[in-house]
Structures are given as structure tokens and as C-alpha cells.
Amino acid sequence: MIKLATLFLLLLETCNLLGNNINKEYTLWYNRPAFNRGGDFNYPVARGYPYDEDWERWSLPIGNGSMGACIFGRTDIERIQLSEKTLGNKGPYQLGGFTNFAEIYIDVNHNYSKNYKRTLNLNEAISTVNYQHENVEYTREYFANYPSQIIAVKLKADKSGMISFTLRPTIPYLKPFDKEQNGRSGHVQVLPGLITITGNIQYYDLDYEAQIKIVNYNGTLTCKNENKQNGIIEVSNADSVVLYITAATSYQLKESVFLRPNAEKFKGNVHPHSLITKRIKEAVDKGYEFLRKEHIADYQYFFNRVDIQLTDKIPTIPTDKLLSQYRSGKHDTYLEELFFQYGRYLLIASSRVGSLPPNLQGVWTQYDFSPWSGGYWHNVNVQMNYWHVFNTNLSELFNPYMEYNEAFRKAGVQKAIDYITRHNPTALNPINEENGWTIGTGATAFNIEAPGGHSGPGTGGFTTKLFWDYYDFTRDTQLLKEHVYPALLGISKFLSKTLKEQPDGTLLVDPSFSPEQKHNKQYYRTKGCIFDQSMILETYQDLLKAAKILNSRDPFLKTVKEQIGKLDAIKIGESGQIKEFREETKYGEIGEYTHRHISHLCAMYPGATINNNTPEWMKAAIITLNKRGDKSTGWAMAHRQNLWARAKNGNKAYQLYQNILLRGTSENLWGVHPPFQIDANFGATAGVAEMLLQSHEGYIEPLAALPDTWNKGNFKGLMARGNFQISANWENGRATCLSILSNKGEICRLKHAGLSKAKITDNQGNNVKFKSINNHIIEFKTQKGKIYQVKL
């Protein structure tokens, strides 16, 4: 095993030499521990859910895709809150919910009167705590290793024999099994140097286990089993101690999860004990230093791909003070860079191959019932989680959602049959698969919903936009054939059967809902709202492009070609607005005037039907954006930021980005809805990338929506459609040099002011001929693997 791990480490280090190196340190840091103002489980209720202010605002998250831990950095009683994405309970919506795995307490009993500092370094994905107590300097280090699936914690001091503490994990929210099916069993077992936490979730008959291995250097360990729910290990007078932590459940992602009754979803699955035991043994065999190097190499393979430099200055004040100053009008550009890279960090920490995709809370929850179940909400939230995955050079990290989607696909076929039977029975095909598949708003690791209630069937097309973008950014035809095309074809078959012909010949979705919009205090049901119609249009367009590339002869394509011209997907009203509902005349007649969702502009972003090549629609979209307003919840401001970027209004996009920092962010830089939702982090990061680089209009446009504030800077490694990796330097708001790595060898079409006078050379110093489309757009042939320098 050591030889294989060493080979893996060397491979990653070699890959790193081929990528970009981040030139600046990005660190969240604080000069005090996270607060502990309300005890550990005595929380007030906010918006119907318990609200742990200390956890949501002040803890620092680490994660490796499957597991997440929140670090509080306390010196009296350290708290490490442990999550694992497959641990779920009954939850509030009958779909199941994401729940807290364990609380790990370390009774240190120190004060921190001198030189306290806790950090989360984004360059290495390592959190630290440093302080002095009675003339001894103490250090704790935490990281979540993906290759070995281990969370590691090291405690050390600058003097021998000074590490003493009591380790006491607890299982939160234990409940007796009862007829409500909401019980949770669990017990803690202590053996010499090892604590095992094991139990069962009644609703799913889901087994879970975590182990904590304690490796001490000198000193003594004392084990105490107090009762079935409590066990401790006391460490005395050690030089240093390492904790190896891992957790898993009997969950396996496969079709049966979404097809079987709740109590039988995991019947026959292997208990996680053997897996957990194996992970712990291998981690101990590797040792802390190896695991640390392995972790950094693996993490930086992704993180180091993109660098953005908007300022040379690194502030010397803690992150919470930096945020406070930002809110008082002192806008530090470093914070804007930090928040961008934090979004990339959080995705790497919560979306890795072999794990479930990030949910509403990523991979972190301390609650029994996470807000909104901690689910995958398909009317914007789960899509936003991945809006930055392609353009910030993290494409592989979309695989967890793709695998999740394909696992629920068979259940989605049954949902499609049920939906068509209820709403358009004459369109039902006797061959089940010919009805396609669907997904509604609600979904979790355990169940999915059909469309309806408050969001129409366009949610499925909204979802498969991600699949098409995966292909469009990578141009991987194998990916297109095996994953993207089947997704588009299946959802299109379903969507085609939601359409009903109207007297004027148009085909409209019936019933139709613009996500979560209410009129007269009820969700508004209609025909052919713009969200549903435009998402079908986007899906059909993507399907036809995919079919052409693959030379598909599927007979269903004839139906698509017949229907696509009858969708009448974009409508302009008397206020000059993009209508949300076909029957509205003036803006705001139906629904909430400043509603958080702005679903009728999804064809502008993340879609591309509304663009600068459709100026009348773009003008109407801008009117809609202005009327909808900027003030909203965290993720909704992020959507607006991306929309303003697509409108090429960098200053407005920047204003929305600022608003997220001003009103939608906690001191630990987690986005808030409120409460905490990770989609605002991800959406804002996507928005910054969209401001700096766009490629949806048939050409690559660096600095497409550059705000005046960012008049000088550079970026490296952002991705454009066609699998081009782009870097740029600019001054006074205009590019001075572009670097383009062509990963597929396709024709490169560029847009920027003055490009017709540019000089292009390849990485061998040869001049490259190009064709001028006009003064600002050029195109040239590329070769796979070559880098092209464009000097303006």
C-alpha cells in the first residue's frame, strides 16, 4: 500500500509542475476562537430551524468530498463537528435529510491570553490553531485528506511532555426507535488508543460508524467507558498527538436507493466497520507527514489551476475585521480575491469522485434536521453549486452530480410516467423509457420528487444544461456519447410530453409554474411560463447540437425539430420586460415584484438564448433586472451578479458581488440565505469568472464585464468553451497580453477591443496568421497542446 501511495503522490507532484502556481497566500484567519455563547445544543429557532450562530458564523470548514469537519479552535474545550454526506434521517419533507454525524470534544483546559491565531489556509487546505499558555506555545493542525479518506488532527507544543487533554466524542440527537420512524441509536466504545462510534438510523435502517485513532508520542493514554453513549480517552504528558478520524455508512449510490421503500434502501449492504477499520490502519501505516504531503499534492492539483491577481496587498487584520471594514466602506480587493478562491476551495472540499455532490450545506451540517433537508433543490440551488465548476477549471468535480443523476434516472422514468399520466395522458408512450425521465425541485441522497407544486417541469432542462456545458467546455466526445447525450435525450422525451397545442399553434407546458412565485398568497399555476418554455428551448437546442456531433439518427429528433419552432419561449411585455408569465402585460402584475427567483432570465444565464446577438431580448432582460432589484437573499444576489455579467455591465455585476459580501456572508465567509447555504459562495465565484471571461456567444471574450475598480490585474487558468485555457494581463481596463492553451486543437475565435492589430505567436516563437472578422473579433487555427500568445 505504501508503494502505491508513494506513486500516487509523485504523480500528483509531477502534474503540479504542469499547472499554475498560486502567487499569493489566501488565508482566513482570526485572533480568537469561535464563540460558544449558547452552549452546544441550546439554539434559538430561525425560519423554522435551529440556528447555531457559533457554527454558522465562526467555525472553519475542511472536507474531502465525503466527510466534512468544522473547526472551532477553542482552547478550553475544542469542538470538531463531523459530517458525512450519506448520513441522513427522516427529515422535514419526507425526502430524507442530511444530519450531524458526531461531535468531537477535546478538553484542553487552557486560556489563550497571548498570541492566539486560528487559520484556514486555502493554498494547502489546512486549518491551524496557535496560542501561548503559561509560556508554552501550542499548535494544532487539521486537514481532510481525500486519497486516504482521513481527517487528521495533530496537537503539539514547543516543550516536551506538555500535551494533555481528554478526548470525548458524542453522538448527537439520539432518539429511541418509535412509530414515527425518526429514531437514532448509537454507542461509543473505547479501546486502547481507539474510539469507535457506531449506530443505526431507524428511518432507513442505515448503519453508520466512525473511528478515531489516537497515536501519541511519549506520554500515557487512559481509556474509560462510562456508558454505551459516552467513552473517553485521557492523554497525559505527551510530546505530540495525532488523531486519525474517518466515518462512513452502509449507503451505496445505486438505482435501488431511489426505487426501494425507505426501510429497504440499504438492505443487504455491507456494514461500514471493515472499511473504516481498513482506512484507519492504512492511515497509521502511512503516518501523519506522508498523509499531509499526499493531501497537499492532491488538493493543489485542482486549486492551483486558477490564479487571479487584482491587488498586490495582503491585509494584516483578521478576516472578520476585514469583512467588517468592507461593510463600513473600506473595500479591500484582497477580500474579493479571497472570496472567489474560497468558492473553489469549498467545491474541492465537497465534490470529489466517489462522493455525493454538495448539497445545500455542501458537506457540513451540525443539525438534526438540516435547513430545507440539506437537499438537492433543482429549481436553482443544485445547479448553482456547479456554475463555477467548468469556467474555474474544475470540470472533473462535476462527476459526483452526474453519477447521482444517473443513479436516480430509473426512478425519474417512473416520475415521468406518473406526471404524464396525471397531466397529459394521451401523450403517454406504452414503452416506459420513451417517456423519458424527470426531476422536480426536491431531491436528497435518498429520494427524488416529480415537478409540480411550485416549480414546473423546466427544472429538468435547467439541470441538463450542466451536462451540455460539461461537454462544451471539455469537447470530450466520449463524455458526450456516454453521459451528456443520454441525459439530454431522456429529459427531452419527457419535456415533449408536457407540451399541449394551443389554438394559435404554439406548444405550451401545462401546468406550468415559475419557481416559487406566488400570486394572492398561492403558488401561481399557469400555461407556458417563460422559465418552462425557455428551458425546453435550451434543452432542445443542446440536444440537436449533440445529435449532429454524434451523427445520431434517433427518430425522436424529428419530434424535437417539429416542436422547437412552436415554443414561443421569450415574450416581451408592455413595460419592455421579459415576461415571467405569458398573460402578464406590465411588469409585476403577477407575482412578487422583487421575488428572489428570477427564473424567466435563466435563458440568459446559465442559458444562452438571450445574449448580445439578440439585442431586443437583451434590452428587455436588463429592464427586468432593474425592476427585480438587487436586494435579495444570498444565492439570488449571486444569480443577479451572473446575469449582469452576461449583460456586459461589469460595474453592476461588481455591485452585486459586493452586496453578497456586505449582506450575504458570515464572518467565516460562508454564504447565507439565511441560514447558511453554500450556493451563494459557488454562484459568486462563478460570477467573478463570468466577469473576467465569457465564451457563450460563439467567441471567447476576455474581460467581458470588467468593473472599473478592477482596472489592472491578471488571471491564469480560467476555461472557455472549446477547452481553451485562458490567461490574461490587463491595464486601464484593456488586455495587454493573452495566453491561450488549446487542449483540443479547435479554431479559436476571440473578441476584444483592437484585436485586429494584435500579434500572435505560438510557444515555439512562430507567428500565427489569423482572420479578422472585424476590428474586435479574430479567429485562428490551433493545434492540440500548443500555447498561443496574443499581444495587443
Side-chain angles (χ1 to χ4, degrees), residues 41 49-50 66-69 81-104 149 169-189 195-212 228-231 245-277 355-357 359-376 404 407-408 411 442-448:
F41 291 99
Y49 294 95
S66 298
M67 291 182 289
Q81 183 276 313
L82 180 67
S83 305
E84 204 276 351
K85 274 189 294 196
T86 64
L87 188 71
N89 55 15
K90 186 176 181 179
Y93 298 114
Q94 307 303 312
L95 289 169
F98 184 35
T99 191
N100 190 346
F101 201 107
E103 300 281 349
I104 301 170
Q149 287 295 295
T170 65
I171 306 173
Y173 310 116
L174 289 172
K175 300 174 186 176
F177 285 16
D178 58 24
K179 64 181 181 180
E180 299 300 322
Q181 297 290 303
N182 222 0
R184 176 175 178 173
S185 69
H187 66 271
V188 177
Q189 181 184 40
I195 298 179
T196 300
I197 302 166
T198 188
N200 180 272
I201 300 292
Q202 180 186 8
Y203 192 57
Y204 295 117
D205 191 17
L206 179 67
D207 296 319
Y208 66 91
E209 180 167 312
Q211 291 184 19
I212 309 171
K228 288 185 178 181
Q229 280 76 46
N230 294 288
I245 306 166
T246 193
T249 74
S250 55
Y251 183 103
Q252 294 178 22
L253 180 62
K254 50 188 178 182
E255 290 178 345
S256 57
V257 170
F258 305 98
L259 295 170
R260 290 179 178 176
N262 290 323
E264 298 179 14
K265 290 181 183 297
F266 311 110
K267 188 175 182 179
N269 289 3
V270 176
H271 191 283
H273 175 75
S274 295
L275 172 65
I276 295 299
T277 301
S355 75
L356 287 168
N359 55 49
L360 273 179
Q361 282 76 40
V363 66
W364 300 278
T365 186
Q366 82 86 59
Y367 299 117
D368 187 12
F369 301 134
S370 298
W372 296 280
S373 80
Y376 303 112
Y404 168 77
F408 75 59
T444 65
F446 309 95
N447 292 289
I448 65 169

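- With sequence neighbours left out, Lys265 forms a side-chain hydrogen bond (donor to acceptor under 3.5 Å, both in side chains) with Asn447.
- With rounding to the nearest 0.5 angstrom, the CD atom of Gln252 is 4.0 Å from the CG atom of Asn269.
- Between Asn182 atom CG and Lys175 atom NZ the span is 4.5 Å, to the nearest 0.5 Å.
- Between Phe266 and Phe446, the ring-plane angle classifies as perpendicular under the 30° and 60° cut-offs.
- For the pair Asn230 and Val188, the minimum side-chain heavy-atom distance is 4.5 Å or more.
- In this structure Leu174 satisfies the side chain to side chain contact (heavy atoms under 4.5 Å, CB included) test together with Ile171, Arg184, Tyr208, Gln229, sequence neighbours excluded.
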Test side-chain contact (heavy atoms from CB on, under 4.5 Å) on Gln211 and His273 and set out the steps.
CA-CA 9 Å; Gln211 291 184 19; His273 175 75; 3.7 Å; yes

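- Taking every heavy atom of both residues into account, Pro357 and Tyr404 meet most closely at CD-CB, 3.8 Å.
- Here Thr249 contributes atom OG1 and Asn200 contributes atom CG; the two are 10.5 Å apart, rounded to the nearest 0.5 Å.
- In this structure, Trp372 and Leu360 approach most closely via the heavy-atom pair CB-CD1, 3.6 Å.
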Verify side chain to side chain donor-acceptor pair (under 3.5 Å) between Asn100 and Asp368, making sure each step is shown before the conclusion.
CA-CA 6 Å; Asn100 190 346; Asp368 187 12; over 6 Å; no

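- For Ala247, the side chain to side chain contact (heavy atoms under 4.5 Å, CB included) test picks out Met67, Leu82, Glu84, Phe101, Ala210, with sequence neighbours left out.
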Would Glu180 and Gln202 count as a side-chain contact (heavy atoms from CB on, under 4.5 Å) if you check the C-alpha gap in whole Å, the side-chain angles of each, and the deciding distance to 0.1 Å?
CA-CA 10 Å; Glu180 299 300 322; Gln202 180 186 8; over 6 Å; no

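- In terms of heavy atoms, Thr99 sits closest to Ser370 at N-OG, 4.4 Å.
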Using the rule given for side-chain contact (heavy atoms from CB on, under 4.5 Å), can you reason through Leu95 versus Tyr376, listing the C-alpha separation, both sets of side-chain angles and the distance that settles it, and then say yes or no?
CA-CA 10 Å; Leu95 289 169; Tyr376 303 112; over 6 Å; no

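- For the atom pair OG1 of Thr86 and CG of Leu253, the computed distance is 10.0 Å after rounding to the nearest 0.5 Å.
- Asp207 contributes atom CG, which lies 8.0 Å from atom OG of Ser185 (distance to the nearest 0.5 angstrom).
- Taking Lys267 as the reference, nothing meets the side-chain hydrogen bond (donor to acceptor under 3.5 Å, both in side chains) condition, with sequence neighbours excluded.
- When all heavy atoms of Ser373 and Thr444 are compared, the closest pair comes out as OG-CG2, 3.8 Å.
- Of all heavy-atom pairs spanning Pro172 and Glu103, the tightest one is CD-N, 4.2 Å.
- No donor-acceptor distance shorter than 3.5 angstrom exists from the side chain of Glu209 to the backbone of Ala248, with no hydrogens or angles considered.
- Considering only residues two or more places apart in sequence or on other chains, Ala445 meets the side chain to side chain contact (heavy atoms under 4.5 Å, CB included) condition with Tyr251, Leu356.
- Annotation: salt bridge (charged side-chain N to carboxylate O under 4.0 Å, His left out) contacts involving residues 247-258, sequence neighbours excluded, comprise Glu255-Lys410.
- Across Ile201 and Gly88, no two heavy atoms sit closer than the pair CG2-O, 3.1 Å.
- Put simply, CG on Asn262 and OH on Tyr203 are 4.0 Å apart, with the number rounded to the nearest 0.5 Å.
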